[in-house]
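Sequential numbering from 1 along the given sequence is applied to the chain's residues. Not measured: the values here are computed from a predicted model.
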Amino acid sequence: DVTICAPNCTTLTATPVPSNQTTSYTQAIIPYAPDPFNVGTAVALTDDSQTGLLPLPFPFCYYGVVYNSFVIGSNGWLGFSATTSTWVITNPIPDASGSSPRNCIMGPWHDVNPSVGGTIRYQTYGVSPCRRLVVSWNAVPMYSCGTPATQQITIYETTNIIDVYIQDKPICAAWNAGAAILGIQNATGTVAYSASNYNFPTNWAATNEGWRFMPSGAPNWTFAWFDMSATQIS
């Protein structure tokens with residue numbers, strides 16, 4: 001608060017929260033800083049399955065569409081529309097063939113089997129307009145070799161930023177050639193962004209890594225100043 005008397009003036013300043021349209025994205029490595037993997041509402045999924053539509057705690061814009069519900073896939077992805085889960089990875093993303101899950105965040109997408117161990121949970125943190133939804137796959141065994149994988153996807157209110165944290169992502173080379181994809185793909189499979197060197201057919205492992213996908217379209221905010229009576233003054 002600043003007290004002034006006419007005809008004196010004062011300068012108003014503001015710092016915006018970064019918020020760009022989701023017409024495109026950039027990717028970056030970020031520090032490994034996940035939320036707890038064993039906190040939140042548990043979902044019971046069998047091998048190669050997915051939940052029904054679950055209510056999002058806040059509207060989330062993804063590839064230019066605002067969503068109010070989400071789906072959790074047992075094989076490490078978070079989606080925004082009803083889809084069919086699959087374990088076999090045969091193409092890199094973008095993949096319009098229909099062989100990969102669409103309209104989803106792959107964090108990473110690989111063949112794990114929660115019916116034999118581990119947990120899958122989701123939890124909301126923070127207060128509006130700065131909440132985040134966190135989905136965690138904790139010590140879920142890789143199919144065939146049984147080595148556990150632990151990973152997490154976080155989406156943010158207002159900014160529509162997407163973070164992926166990988167505690168342990170092993171390679172099961174004897175099954176589906178050890179394939180896995182870390183990235184985001186639109187609803188038609190025509191546009192996708194993958195983390196560097198983490199797309200099919202690259203065979204990769206990761207430990208304690210963080211990746212961010214940030215909307216990079218035009219800014220979707222403007223500034224206006226109002227007085228206490230809600231009259232716009234600038």
Side-chain angles (χ1 to χ4, degrees), residues 22-27 43 45-54 56 60-65 67 69-115 120 122 133 135-137 140-145 149-155 160 162-166 169-206 209 211-213 215:
T22 59
T23 52
S24 59
Y25 292 83
T26 59
Q27 64 175 49
V43 294
L45 292 176
T46 58
D47 188 33
D48 303 329
S49 65
Q50 62 281 317
T51 66
L53 290 170
L54 302 169
L56 274 168
F60 186 77
C61 190
Y62 186 68
Y63 281 106
V65 180
Y67 294 97
S69 57
F70 71 107
V71 175
I72 300 173
S74 64
N75 287 329
W77 53 263
L78 184 162
F80 298 101
S81 55
T83 186
T84 300
S85 186
T86 178
W87 63 267
V88 62
I89 302 174
T90 57
N91 300 307
I93 58 171
D95 175 23
S97 72
S99 64
S100 62
R102 300 177 183 178
N103 205 26
C104 74
I105 302 161
M106 304 174 184
W109 170 40
H110 54 169
D111 196 10
V112 293
N113 187 2
S115 65
I120 301 174
Y122 65 95
L133 172 71
V135 181
S136 301
W137 292 257
V140 180
M142 299 288 294
Y143 191 88
S144 182
C145 70
T150 298
Q151 60 196 66
Q152 188 174 94
I153 296 173
T154 301
I155 62 174
N160 301 303
I162 300 162
D163 286 345
V164 173
Y165 295 107
I166 302 175
K169 187 273 170 204
I171 297 175
C172 288
W175 186 256
N176 195 201
I181 298 177
L182 195 165
I184 60 176
Q185 180 163 241
N186 72 351
T188 59
T190 55
V191 180
Y193 299 84
S194 61
S196 299
N197 300 315
Y198 286 179
N199 202 352
F200 183 83
T202 303
N203 195 301
W204 57 277
E209 289 191 6
W211 290 85
R212 171 165 290 178
F213 296 89

Interatomic distance, [X] atom [atom1] to [Y] atom [atom2] [nearest 0.5 angstrom]:
{"X": "Q50", "Y": "L78", "atom1": "CD", "atom2": "CG", "answer": "12.5 Å"}
{"X": "I72", "Y": "L54", "atom1": "CD1", "atom2": "CG", "answer": "5.5 Å"}
{"X": "S74", "Y": "W87", "atom1": "OG", "atom2": "CH2", "answer": "13.0 Å"}
{"X": "I184", "Y": "Q27", "atom1": "CD1", "atom2": "CD", "answer": "9.0 Å"}

| said: Before you tell me yes or no, could you show the steps for F213 and L182 under side chain to side chain contact (heavy atoms under 4.5 Å, CB included), namely the whole-Å CA-CA distance, both residues' side-chain angles and the distance that decides it to 0.1 Å? | reply: CA-CA 11 Å; F213 296 89; L182 195 165; 3.7 Å; yes

| field | Counterpart residues, disulfide bond (SG atoms under 2.5 Å apart), relative to C61 (two or more places apart) | value |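 Partners of C61 under the disulfide bond (SG atoms under 2.5 Å apart) test: none.
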
Just so I know, are the side chains of [X] and [Y] near enough to count as touching, which here means a heavy-atom distance under 4.5 Å?
{"X": "S100", "Y": "I89", "result": "no"}
{"X": "V71", "Y": "L53", "result": "yes"}
{"X": "I153", "Y": "W77", "result": "no"}
{"X": "I120", "Y": "T51", "result": "no"}
{"X": "I93", "Y": "I181", "result": "yes"}
{"X": "N75", "Y": "T86", "result": "no"}

side-chain hydrogen bond (donor to acceptor under 3.5 Å, both in side chains) partners for [X], two or more places apart:
{"X": "N113", "answer": "S115"}
{"X": "N160", "answer": "none"}
{"X": "S99", "answer": "N91, D95, S97"}

Residues in ring pair (Phe, Tyr, Trp, His ring centres under 6.0 Å) contact with [X], at least two apart in sequence or another chain:
{"X": "Y25", "answer": "Y63, Y193"}
{"X": "F70", "answer": "Y122"}
{"X": "Y62", "answer": "F80"}

I'd like to know if the side chain of [X] reaches the main chain of [Y], judged simply by a donor and an acceptor atom lying under 3.5 Å from each other, with no hydrogens or angles considered.
{"X": "S136", "Y": "Q152", "value": "no"}
{"X": "Q185", "Y": "P101", "value": "yes"}
{"X": "R102", "Y": "T190", "value": "no"}

| said: Taking the ring centre of each residue, are W175 and Y143 less than 6.0 Å apart? | reply: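 Yes, they do, as the ring centres are separated by less than 6.0 Å.
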
For [X], enumerate each residue passing the side-chain contact (heavy atoms from CB on, under 4.5 Å) test, keeping only those at least two apart in sequence or located in another chain.
{"X": "A206", "value": "I166, K169, Y198, W204, E209"}
{"X": "T46", "value": "S49"}
{"X": "P141", "value": "V116"}
{"X": "T23", "value": "Q21"}

For residues [X] and [Y], report the shortest heavy-atom separation together with the two atoms involved.
{"X": "F200", "Y": "A179", "answer": "CD1-CB, 3.9 Å"}
{"X": "P170", "Y": "A149", "answer": "CD-CB, 4.0 Å"}
{"X": "P108", "Y": "Q151", "answer": "O-NE2, 2.9 Å"}
{"X": "G178", "Y": "N203", "answer": "CA-ND2, 3.9 Å"}

| request: Go through the steps for Y67 and N103 under the test side chain to side chain donor-acceptor pair (under 3.5 Å), then give the verdict. | output: CA-CA 11 Å; Y67 294 97; N103 205 26; 3.2 Å; yes

| request: Could you tell me which residues satisfy salt bridge (Lys or Arg N to Asp or Glu O under 4.0 Å) with D163, sequence neighbours excluded, listed by chain and number? | output: R212

| message | Run the side chain to side chain contact (heavy atoms under 4.5 Å, CB included) test on T22 and V65 for me, step by step, so that the C-alpha distance in whole Å, both residues' side-chain angles and the decisive distance to 0.1 Å come before the verdict. | response | CA-CA 8 Å; T22 59; V65 180; over 6 Å; no

